[in-house]
Structures are given as C-alpha cells and as structure tokens.
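Notes to accompany the following structure.
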There are 2 protein chains.
Amino acid sequence: MTSFKGQAQYSVDKKGRVAIPAKMRASLNPEAVGTFTMTRGFEPCIYLYPLDEWQRKESEYQSLNTYNRNARHLIRSILMWAEEVVLDGQGRIGLSKALIEYAGLSDRALIIGTMDRIEIWDPEVFGKFLSEQPDDHEALAESVMGS
Amino acid sequence: MTSFKGQAQYSVDKKGRVAIPAKMRASLNPEAVGTFTMTRGFEPCIYLYPLDEWQRKESEYQSLNTYNRNARHLIRSILMWAEEVVLDGQGRIGLSKALIEYAGLSDRALIIGTMDRIEIWDPEVFGKFLSEQPDDHEALAESVMGS
DNA sequence: GGAGATTTCCCCACATTTCCCCACTTGGCG
DNA sequence: CGCCAAGTGGGGAAATGTGGGGAAATCTCC
C-alpha cells in the first residue's frame, strides 16, 4: 500500500504544471508509476491518487446501483471532476483549469502527502482553512481515535 | 469495462453537432469505437452509451417480464428515445431535435463522463439542477458510501 | 411519378491548445 | 571541485475543437 507523507511548496507555471516531489514519486508502487487520477477534494484542494489506489475507488463506485438517484448524483459529482494524468519527463503533472479554479490556485502550490493520496493546496487557502479549523490536534486525535 | 470521467464544455453548432472529448474517445473499448446509442436521461440531459455498454443495457431490458405493465412501460419510454449514432471524421455526433429539445440545449454543451456513459447537458440547465440538489457531496458520500 | 427544395452526411480547412522534448539553474553528495 | 539529481521554464510539432461547403439522399408538392 502506498503511503505518502511530508510537504513541499512548488511553483505552478504558466501552463498549469506542478512538479511532484521526488520522495513521493519514490513511494509509488512499481506498476503505478507515472499515472495518477486527480479529482476535486472534499476540502478546497485537489486530490491526487496513484493508479492503483484510484482503481480501488472506482470499483467501489461501480458496485453502486445506478437506478438509485442519489448514487447517480454521487458518481456524477465525483467523476465529473476526475481526470487521468501522466507525469511528463520532468516528473510534473498538468492541472486542468476547472480544478485550478476549484482549489483557488495561482502561482504556488502546497503539496501534502496524506497516506493513500497527495493533496495540492494553494498556500493561502490552506492557511485560511487551518485558521477556521479547531487547531487542537490533541483533542481531534482523541475524538477520532479514542475509544 | 469503459469508465468515462471528466468534464468539458464544447459548442453545439448550427447543425446540432457536438464533439466528444478526445480523452473519452480514448477510453472506449477497441471494438466499440465510433458507435454510440444516445437516449433520454433520467435527469434533463442526454445519455450516450458506447456500443458495448448499450448491448449490456438492452440485454437487461430483454430479461424483464413483458407481461408486467410497468416493465413494458419502462422499456417503451427508454427505447422510443434511443438512437444509434456514429462519430464523424472529426469525432462528433449529431443530436436529434427531439433530444436537443428534451435536454434544453442551445449553443453550448456540457459533456460529463460518468462511468459507463457520457452525459450531455445544457450548462444552464445543469447549474439549475445542481442548485436544486443538496450540493454537499461530502454528506452525500457519507450517506451512500459510509458504513 | 417526377422535379424542385430541403435536409443529411462527408470531407476539407483553419486556429488554437496540448503535449513532448530540450536546456538552464540550483543544491547536495561523493 | 566536479558530478548528478531535482525543480523550472520555454519552443516547436502534433493533435484537438470549430466552422463551412458541396454532394448525396430524402421529402414534398404538383
């Protein structure tokens, strides 16, 4: 299982390209190297799943009953933002305009590794997001992990 | 299994033609390239199935009991709108007037990939549709997927 | 049944975007 | 001190989206 961690702040060039940190590229499964699926995050950021992790997600959606209205709506609201991308020779990906707008990205990007995915944030948006969350990560840990 | 994803906004020309995004064409099964069946969506949009997926749908309908009144009605209400189309040399399809009217399309079309089919929406109609739905896709995800 | 008018379909042409490749700079390591 | 790896930027070729013209098929009206 892939396990991304760490953070880095890279530039977004005029063509909407962002480099993926070498350390994260190194922790990819051999068969998933190079191909990612990016999509809209629950938070105002972009989620980036390596090929193998995304296939797991997708098979979850495939098992849903598409004659159910809510299921259709969910699939649509996730997949319409999804896009498969391949790293270029320099280890970068190209972000789509729709996702750049959704995440509020401009010329710098904060790359965060979170277990099975990579998150791409605008630094300012991220700072604002943090300040709105209760920053007591001790209490948070207790509420999620504690029994 | 085909798996369409992503979104794009293309133009509908005066002849009622709409281009299918190259990314979606690329994810077609080799034996299904070029031929689609379009029909009325459950939502106010057009559903577009590649050949192989449509055959699967048809066999679903064939297995229904046609002595059941509702089954007969369902089959009729789907198939009377269905139409087989072939991509032209530029990767476009021609929409029928009946479906254009049903989906409320004018000069722009929002193309959305949702797993086994492609949906074609009028951008305004789609915006209106979204505003009527609970757009909290985090809560929706939790209710459909969460355990 | 036939001629004209209309629609449909196929092909060509253009402009823009996208993608791929090459080159430069900086910092770390041997 | 020099080499290699990593991040950044840009140029050129190919692919993609868009519009329109003309031939073939279809329809309509006489």
Side-chain angles (χ1 to χ4, degrees), chain A residues 4-28 33-38 46 48 51 80-101 105-113 118-123, chain B residues 4-28 30 33-38 46 48 82-101 105-113 118-123:
Chain A
F4 300 112
K5 45 183 167 296
Q7 58 169 309
Q9 186 164 324
Y10 287 169
S11 70
V12 184
D13 66 21
K14 283 177 249 170
K15 295 181 179 178
R17 296 177 299 188
V18 181
I20 301 302
K23 290 200 179 142
M24 295 186 191
R25 291 199 304 255
S27 61
L28 287 169
V33 168
T35 307
F36 289 86
T37 300
M38 58 184 183
I46 299 172
L48 204 60
L51 181 60
M80 72 176 283
W81 294 95
E83 195 167 342
E84 195 171 295
V85 288
V86 178
L87 293 180
D88 69 9
Q90 281 69 256
R92 294 174 292 193
I93 57 165
L95 305 175
S96 73
K97 286 173 191 159
L99 285 172
I100 287 180
E101 189 179 346
L105 282 162
S106 55
D107 59 344
R108 298 250 82 195
L110 184 64
I111 325 268
I112 303 177
I118 296 170
E119 295 183 2
I120 301 178
W121 291 75
D122 179 80
Chain B
F4 299 113
K5 48 182 162 291
Q7 56 173 318
Q9 187 164 321
Y10 286 171
S11 68
V12 183
D13 65 21
K14 285 176 243 169
K15 297 179 180 179
R17 297 177 298 187
V18 181
I20 301 301
K23 297 226 173 102
M24 296 187 192
R25 292 199 304 255
S27 61
L28 287 169
V33 168
T35 307
F36 289 86
T37 300
M38 58 183 183
I46 300 172
L48 203 60
E83 196 168 340
E84 194 170 294
V85 288
V86 178
L87 292 180
D88 69 8
Q90 280 69 256
R92 294 175 291 196
I93 57 165
L95 305 175
S96 73
K97 284 173 189 161
L99 285 172
I100 286 180
E101 189 178 346
L105 282 163
S106 55
D107 59 344
R108 298 249 82 194
L110 184 65
I111 325 269
I112 301 177
I118 294 170
E119 297 183 0
I120 301 178
W121 292 75
D122 179 79

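Chain A is the first sequence line, chain B the second, and so forth, proteins listed ahead of strands; every chain is numbered from 1.
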Nearest heavy atom decides the nucleotide; on that basis, is A:K97 or B:D88 closer to the 5' end of DNA chain C? B:D88
Rounded to whole Å, how long is the line connecting atom CD1 of B:I93 with atom C1' of C:dC10? 17 Å
Determine the minimum heavy-atom distance between A:R92 and A:A19, stating which atoms define it. CG-CA, 3.6 Å
Side-chain N or O of B:R108 less than 4.0 angstrom from OP1 or OP2 on D:dG17? no
Given A:E119, A:M24, A:Q7, the one that forms side-chain contact (heavy atoms from CB on, under 4.5 Å) with A:I111: A:M24
Below 3.5 Å, does any donor atom in the side chain of A:Q90 face an acceptor in the base of C:dC20, or the other way round? no
Closest to the B:R25 side chain: D:dG20, C:dC11, D:dG17? D:dG17
Rounded distance (Å) that lies between atom C1' of C:dC21 and atom CG of A:L87: 16 Å
Going by heavy atoms in the side chains, are B:F36 and B:L87 under 4.5 Å from each other? yes
Among C:dC21, D:dG17, C:dC11, which is the nearest nucleotide to the side chain of A:R92? C:dC21
From the list C:dC11, D:dG7, D:dG17, which nucleotide is the closest neighbour of the side chain of A:Y10? D:dG7
Between atom CD1 of A:I112 and atom CG of A:L48, what is the distance when rounded to the nearest 0.5 Å? 13.0 Å
Rounded to the nearest 0.5 Å, what's the gap from NZ on B:K5 to OG on B:S27? Could you check? 6.5 Å
Non-hydrogen side-chain atoms of A:I93 and A:I120 separated by less than 4.5 Å: yes
A:K23 NZ to D:dA5 C1', in whole Å, measures 13 Å
Can you measure from CD (A:E83) to NZ (B:K23) and round to the nearest 0.5 angstrom? 4.0 Å
Could you list the protein-to-nucleotides 12-15 of chain D atom pairs, N/O on both sides, closer than 3.5 Å?
none

With respect to the side chain of A:K14, which nucleotide from D:dG7, C:dC12, D:dG10 is positioned closest? D:dG10
Using a cut-off of less than 4.0 Å, is there contact between a side-chain N or O of B:S11 and OP1 or OP2 of D:dG17? no
Using whole Å, report how far CG of A:D13 lies from P of C:dC19. 13 Å
Is there a donor on the side chain of A:R17 or the base of D:dG7 sitting less than 3.5 Å from an acceptor on the other? no
